[in-house]
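Reviewing the structure listed below.
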Protein chains: 2
Amino acid sequence: MVERTDALLDRFTRYLRDRRLPVTSQRVLVAKAVFASAEHPSAESLQRALGRRGERVGTATVYRTLDLLVESGLVRQHDFGDGFRRFEPVSGRAIHEHLICQRCGRVVEFTNDRLERMLEIIADEHTFLHRRHRVEVYGLCSDCRGRDAAALSSTVSR
Amino acid sequence: MVERTDALLDRFTRYLRDRRLPVTSQRVLVAKAVFASAEHPSAESLQRALGRRGERVGTATVYRTLDLLVESGLVRQHDFGDGFRRFEPVSGRAIHEHLICQRCGRVVEFTNDRLERMLEIIADEHTFLHRRHRVEVYGLCSDCRGRDAAALSSTVSR
DNA sequence: TTGCCTGCAAAGTATTTGCATAACA
DNA sequence: TGTTATGCAAATACTTTGCAGGCAA
């Protein structure tokens with residue numbers, strides 16, 4: 001976990017140095033916060049997480065650093081439709097997509113090679129150069145599914 | 001084209017009546033505008049389209065009507081990452097996904113049954129109840145791909 | 001008539017930008 | 001020392017909300 005964070009941080013500082021950009025303490029802090037997060041944090045949640053540890057970083061800086069991280073390819077950007085962006089370190093893991101519970105907001109990841117290949121072929125068939133894609137499945141997770149079924153059986157109609 | 005619009009409008013007015021909601025002229029205007037659009041209009045483009053025809057509808061009403069249309073299931077909502085929502089009538093067509101050109105913004109639709117089925121199976125494997133999904137492939141359309149290749153060959157490096 | 005709708009303007013939310021100051025290389 | 005970053009606050013862009021007056025059923 002920590003080694004993954006360190007490795008990614010290393011790649012980020014190298015990315016900055018390569019283009020003569022200063023490696024500031026704020027950039028390192030924000031990068032660390034994203035790399036260490038297991039969830040899919042928002043800009044605000046990252047800033048709050050830092051604040052809780054007594055590390056004060058301005059909002060604009062958080063956003064600007066996240067842009068850099070996305071540009072560097074070390075962080076993926078998502079929009080699950082809650083009105084704000086979410087971020088996620090690429091880490092060494094395979095490309096994966098998301099299942100999103102519309103009830104509790106839980107996000108579960110899944111990988112499927114056949115799916116990935118299929119999308120590249122589809123792009124090709126439409127003379128598109130495939131660069132990236134986004135697959136999101138919305139529904140109910142098992143917990144919420146059970147809760148809904150229970151609520152349903154306690155009522156006669158509707 | 002017009003018949004499709006009429007059929008959808010009919011379903012929308014029925015939807016409203018079913019829940020005792022007034023069928024106002026503004027609602028009909030907004031609904032017609034969405035149903036008749038071939039593209040993936042935004043709230044603002046719909047309002048402007050109406051304005052051009054001399055039909056003045058308030059911004060809030062446009063948004064409120066679009067919400068109703070989405071709720072009714074007659075309109076699909078998208079977020080292609082340009083900072084605003086886009087809308088699209090479901091019409092009678094099959095479910096389809098989108099290829100989005102990152103250069104010119106062109107959106108091409110495609111359908112693929114195998115893909116649709118695969119996503120339902122994946123949801124099931126993760127004990128999720130599949131409700132809907134979104135698949136977006138980002139890349140370059142053939143036109144922009146050609147333009148990029150031309151630009152590349154006219155320069156030696158970079 | 002009654003309840004829901006409409007338009008306006010103000011508020012809200014996430015994100016971006018301008019600018020004086022501060023930190024990195 | 002010269003860039004480039006930072007933080008603050010103001011600006012932005014889309015969308016939502018509050019409210020007084022106006023229609024649909």
Side-chain angles (χ1 to χ4, degrees), chain A residues 9 12-34 40-51 54-72 75-88 105, chain B residues 9-10 12-34 40-51 54-72 75 77-88 105:
Chain A
L9 187 59
F12 183 50
T13 54
R14 217 173 312 149
Y15 173 85
L16 292 174
R17 270 196 269 274
D18 280 354
R19 34 202 82 201
R20 316 265 126 91
L21 296 174
V23 180
T24 65
S25 63
Q26 289 90 335
R27 282 176 176 168
V28 171
L29 283 168
V30 173
K32 265 191 191 162
V34 186
H40 300 82
S42 63
E44 195 235 350
S45 76
L46 287 167
Q47 190 180 28
R48 262 191 300 120
L50 288 171
E55 313 284 17
R56 205 158 292 289
V57 180
T59 311
T61 301
V62 173
Y63 278 102
R64 285 188 279 230
T65 306
L66 286 169
D67 284 347
L68 279 171
L69 286 161
V70 171
E71 268 169 48
S72 76
V75 166
R76 239 179 129 186
Q77 196 174 163
H78 296 288
D79 179 357
F80 294 152
D82 4 45
F84 50 83
R85 283 181 287 166
R86 289 167 176 281
F87 301 87
E88 173 183 32
Chain B
L9 187 59
D10 216 59
F12 183 49
T13 53
R14 219 173 313 149
Y15 173 85
L16 292 174
R17 272 196 268 274
D18 280 355
R19 33 203 83 199
R20 315 266 124 94
L21 296 174
V23 179
T24 65
S25 63
Q26 289 89 336
R27 283 178 175 167
V28 171
L29 282 168
V30 174
K32 265 189 191 165
V34 186
H40 299 81
S42 64
E44 195 235 349
S45 76
L46 287 168
Q47 191 180 28
R48 263 190 301 118
L50 287 171
E55 313 283 18
R56 205 157 292 290
V57 180
T59 311
T61 301
V62 172
Y63 279 103
R64 286 188 279 229
T65 305
L66 286 169
D67 284 347
L68 279 171
L69 285 161
V70 170
E71 268 169 47
S72 75
V75 165
Q77 196 174 164
H78 297 289
D79 180 355
F80 294 152
D82 4 44
F84 50 83
R85 283 181 288 166
R86 289 168 176 279
F87 301 86
E88 173 184 30

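Excluded from the calculations below are hydrogen atoms, water molecules and symmetry mates; all remaining heavy atoms, backbone and side chain alike, are included.
Rounded to whole Å, atom C1' of C/dG12 lies 14 Å from atom CD of A/E44. For B/D67 and C/dT6, the CG to P distance is 12 Å, given to the nearest whole Å. Rounding to whole angstrom units, CG of residue A/L68 and P of D/dA5 are separated by 8 Å. In this structure, CZ of B/R85 is placed 16 Å from P of C/dT13, rounded to the nearest angstrom. Rounded to whole angstrom, the span from the CZ atom of B/R48 across to the P atom of D/dC14 amounts to 11 Å. Going from atom CD of A/Q47 over to atom P of C/dT15 covers 11 Å, rounded to whole Å. One can place CZ of B/R20 at 12 Å from P of C/dC4, the figure rounded to the nearest angstrom.
OP1 or OP2 of C/dT6 lies within a sub-4.0 Å distance of a side-chain N or O belonging to B/T24. In this model, the phosphate group of D/dT15 is approached by a side-chain N or O of B/Y63 to a distance below 4.0 Å at OP1 or OP2. Side-chain N/O atoms of B/Q26 include none lying less than 4.0 angstrom from OP1 or OP2 on C/dC5.
Looking at the side chain of B/R27, the nearest of the listed nucleotides D/dT15, D/dG7, C/dC4 is C/dC4. The side chain of A/V23 approaches C/dA25 more closely than any other nucleotide in the set C/dA25, C/dC5, D/dG7. With D/dG7, D/dT4, C/dT6 as the choices, the nucleotide that has an atom nearest any side-chain atom of A/T61 turns out to be D/dG7.
Within 4.0 Å of A/F84, counting heavy atoms only, lie sugar-phosphate atoms of the nucleic acid but no base atom.
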B/R14/B/D18 under salt bridge (Lys or Arg N to Asp or Glu O under 4.0 Å): CA gap, chis, key distance, verdict: CA-CA 6 Å; B/R14 219 173 313 149; B/D18 280 355; over 6 Å; no
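Where B/V57 and B/P22 meet DNA chain C, the nucleotide closest to each residue was compared, and B/P22 sits on the side nearer the 5' end. Where B/R64 and B/A43 meet DNA chain D, the nucleotide closest to each residue was compared, and B/A43 sits on the side nearer the 5' end.
Each of A/H40, A/E88, A/R85 was compared with A/H78 under the side-chain hydrogen bond (donor to acceptor under 3.5 Å, both in side chains) criterion, and only A/E88 meets it.
Among all heavy-atom pairs drawn from A/A33 and A/L50, the shortest one is CB-CD2, 4.1 Å. Between A/F12 and A/R27, the shortest heavy-atom contact is CE2-O, 4.0 Å.
Considering only residues two or more places apart in sequence or on other chains, B/F84 meets the ring-ring contact (aromatic ring centres under 6.0 Å, His included) condition with none of them.
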